[in-house]
Novice: 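Right, I'll just put the structure down here and ask away after.
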Amino acid sequence: MGKYRNLIFYITTIAIFSCLMYFFIIEGQTLEVKENIIAKTSNGSTWDNFQESFKTNLHHPLALLLAQIVTIILTARLFGWICMKIRQPTVIGEMIAGIVLGPSLLGMYFPEFSAFLFPKESLGNLQFLSQIGLILFMYIVGMELDLSVLRKKAHDAVVISHASIIIPFALGIGLSYFIYQEFSPAGIQFTSFALFIAISMSITAFPVLARIVQERNLQKTKLGTIVITCAAADDITAWCILAAVIAIVKAGSFTSSIYVILMAIAYVLLMIKIVRPFLKRIGDLQAGKNTINKPMVAIFFLTLILSSYATEVIGIHALFGAFMAGAIMPENAKFRTLFIDKVEDVALVLLLPLFFVFTGLRTQIGLLNDSHLWITAGFIILTAVIGKFAGSALTAKFVGINWKESLTIGALMNTRGLMELIVLNIGYDLGVLGPEIFAMLVIMALFTTFMTGPALDFINFIFKSKKDEEEPAHENDSKYRVLLSFDKPESGSTLLKLAHDFTNKMNGNKSITAMNIAPVDEMHAYDFDEYEDSQFQNVIDKSHELNLEVTTLFKASTDIENDLTSITNKGHYDLLLIMLGKSMYEGSLLGRLLGFTTKIINPEKLLNTVKGKGNIFNNSPFDDFTLQILDKANIPVGVLVEKDFEAADKVFVPIFNLSDFYLLEYAKRLINNNNSQIIILDAAGQIRNNIEVKELIRSIEQVAPNHITLYNEKKIEKEFLNSQDLMLISSKSWKNLIDTKSLWLSDIPSTLIISNP
């Protein structure tokens, strides 16, 4: 009876209270007669009523906003992925996505769908949400500025930075003189128009520049330090100038804006002298902790909101307040990283794409329907490039930097990106920029950001030294070169143990390189040294323990798999060691159908599925990342399936067919360098019939007797498998084991799957 007690109570409770509700509803309906309430009746059918209700729900402001967000994020991610594949910053793809969803493309070719998805009455909600995203983004930009770098290394950098602002600023005012009458909105003074054109010529996108510096491994060079410092100084100076320009434009003249500028100066002093020390004390309470508690998060968010509110009320825009709130955050790199992680995903992935699309909805490239207008747009781009690129490069050369680095600084400082769009939208909101000039300046922002990568490649090509041209000198080198690539510190030390077992007794005839390629988005301009040290700490400790000389290689990347295979193929390595990854959708029909990876939808895999090149019902033994490496690498790849691997003392090598015999070369290396005990399983009975393989085994036995055993049993005992440290298996045979659901997979402690390209 006891086991039915809960069931009886449940049924009784439901029945009693259901009857009670029914009673009150029946009694309540009698009250309608007394109140003269007439029940609503519908003339249409039930289906018609449903359709009408469904249409109403589709046009509800919240449903429309959610549909807009889904469309925007998917489009932004798609174009961002395309730009990443062509070695361009993802921000360019997101900017293009905004234009594609605007009147320039979607509105032109699919006007009805565009009017349904982005009706004019919904744009207000989109704008306010995008402004929240911008405020959070500017907060991050402020936090990414390392003011200590400015204090220590600001000599030449500030000269270059300020020259890279004043030169394009002056050229912008000069340009305004020629285009004012044709392109300025009615009633806008020349001063206001000229100042906004000038500031749009002068801006540099610090976040994009920092990502490019990291991705090209310039962060530890003198050039990287200078350009990061230049961009930081440029950012601070440009935003201060922009605040003054906004004040002048709103007031109508410089004299009228004096009170606003004075209030802005007082605000800055308050933030630096009072708020910053207060936040530093709060940050000190967090020192050494790996989390930030909610009351502390609330304090910093309140600081952000109050700062943004203050600058908006003063008249210098809320974004300046957000930037300032980020800049005065406690300078502890670990603390800033923790806080950025809380803000960044929501700001950059969810809210910021809304701003790109809102900008795209304002950008009407179709207005440039005359050759004269395109010539003007070209002249604007030329002025922007000459002012920023040439101004920065010539100044860098003047302060004593060589031509290659000077031109590189110019190319990087010419990157405008998202920061330019922010300035242009402020000018558009203030009515200073009309639709035509706004579209031209958006095109200029896209062009100058897009040209950065090709310009850097061209500069490197021009100044390519003879030493670089003669670089393939490794070919005559007899060293056995092992490259191990890891994503987690623990994986690095495990792979190093395995590399040591393969090369231990080779002394000076070996070369081991440990490589970590990190997603560029996971790092910030001020803490890459700390990030790199933390990634390699386990590897360095293990190398000391093994008395092993290891070369470390660190790279920030927007496309890890392509960079990994490129470094592997160009580095003249003999073996690449990696760990088997895990896709979050691995093994699921959804993952195979849509091409999911651990980060985003993979359009390349999706396209192969549609073309019939991939079978969605075929369960791959590898995750997507590993498959790409195996497919593109030109050298043997060892994929470690790690189960508490310690050492390769006892190694099991199953041979299923003649194509697996290359595994014996690796078995031989383990015997020679680690005195490993090798057991070879002749699974297909082909070794006894192959003279060449028998001779190879005999030659190994002569050098190292009692270290190799030929095993012919068809049935493998579980106890035998559990006694082994490692299984060496070919990638083809590994797939067969997966397909047949062999018990070996659970019984082998660790497995090294070796491909033979």
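All residue numbers in this chain count up from 1 along the given sequence. Quick caveat, the model's predicted, so the values are computed rather than measured.
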Novice: Which heavy atom of F118 sits nearest a heavy atom of L361, and at what distance?
Specialist: CD2-CD1, 3.9 Å
Novice: I need the minimum non-hydrogen distance between S130 and L354, along with the two atoms involved.
Specialist: CB-C, 3.8 Å
Novice: For F323 and Y139, I'd like to know if the aromatic rings sit close, meaning centre-to-centre distance below 6.0 Å.
Specialist: no
Novice: Looking at I8, is its backbone amide N or carbonyl O close enough to the side chain of T12 to form a donor-acceptor pair, meaning the two atoms are under 3.5 Å apart?
Specialist: yes
Novice: With a 3.5 Å distance limit and no angle check, can you tell me whether H60 reaches the backbone of T56 through a side-chain donor-acceptor pair?
Specialist: no
Novice: Is T90 reaching over with its side chain to a backbone N or O of G80, donor-acceptor style, under 3.5 angstrom?
Specialist: no
Novice: Tell me if a side-chain donor or acceptor on T303 pairs with a main-chain N or O of I299 at a distance below 3.5 Å.
Specialist: yes
Novice: Looking only at heavy atoms, which two atoms of I426 and I246 are closest? And how far apart?
Specialist: CG2-CD1, 3.8 Å
Novice: Has T311 got a side-chain atom pairing as donor or acceptor with H317's backbone, closer than 3.5 angstrom?
Specialist: yes
Novice: Checking S557 side chain against I517 main chain: does a donor-acceptor pair fall under 3.5 Å?
Specialist: no
Novice: Does F301 have its ring centroid less than 6.0 Å away from the ring centroid of F339?
Specialist: yes
Novice: Please check: side-chain N/O of E642 versus main-chain N/O of D644, any donor-acceptor pairing under 3.5 Å?
Specialist: yes
Novice: Is S493 reaching over with its side chain to a backbone N or O of E490, donor-acceptor style, under 3.5 angstrom?
Specialist: yes
Novice: Determine whether more than 12 heavy atoms belonging to other residues, nucleotides or ligands lie under 6.0 Å from atom CZ of F128.
Specialist: no
Novice: Could you work out, with side chain to side chain donor-acceptor pair (under 3.5 Å) as the rule, every residue matching Y267, not counting sequence neighbours?
Specialist: S307
Novice: With rounding to the nearest 0.5 Å, note down the distance linking CG in L117 to CD in E112.
Specialist: 13.5 Å
Novice: Has Q88 got a side-chain atom pairing as donor or acceptor with C83's backbone, closer than 3.5 angstrom?
Specialist: no
Novice: For a quick check under 3.5 Å, do Q68 and S122 share a side-chain donor-acceptor pair by atom type?
Specialist: yes
Novice: Between D631 (side chain only) and L627 (backbone N and O only), is there a donor and an acceptor less than 3.5 Å apart?
Specialist: no
Novice: If every non-hydrogen atom of G133 is compared with every non-hydrogen atom of L351, which pair is closest and at what distance?
Specialist: CA-CB, 3.4 Å
Novice: CD1/I73 to CG/L78 distance, rounded to the nearest 0.5 angstrom?
Specialist: 13.5 Å
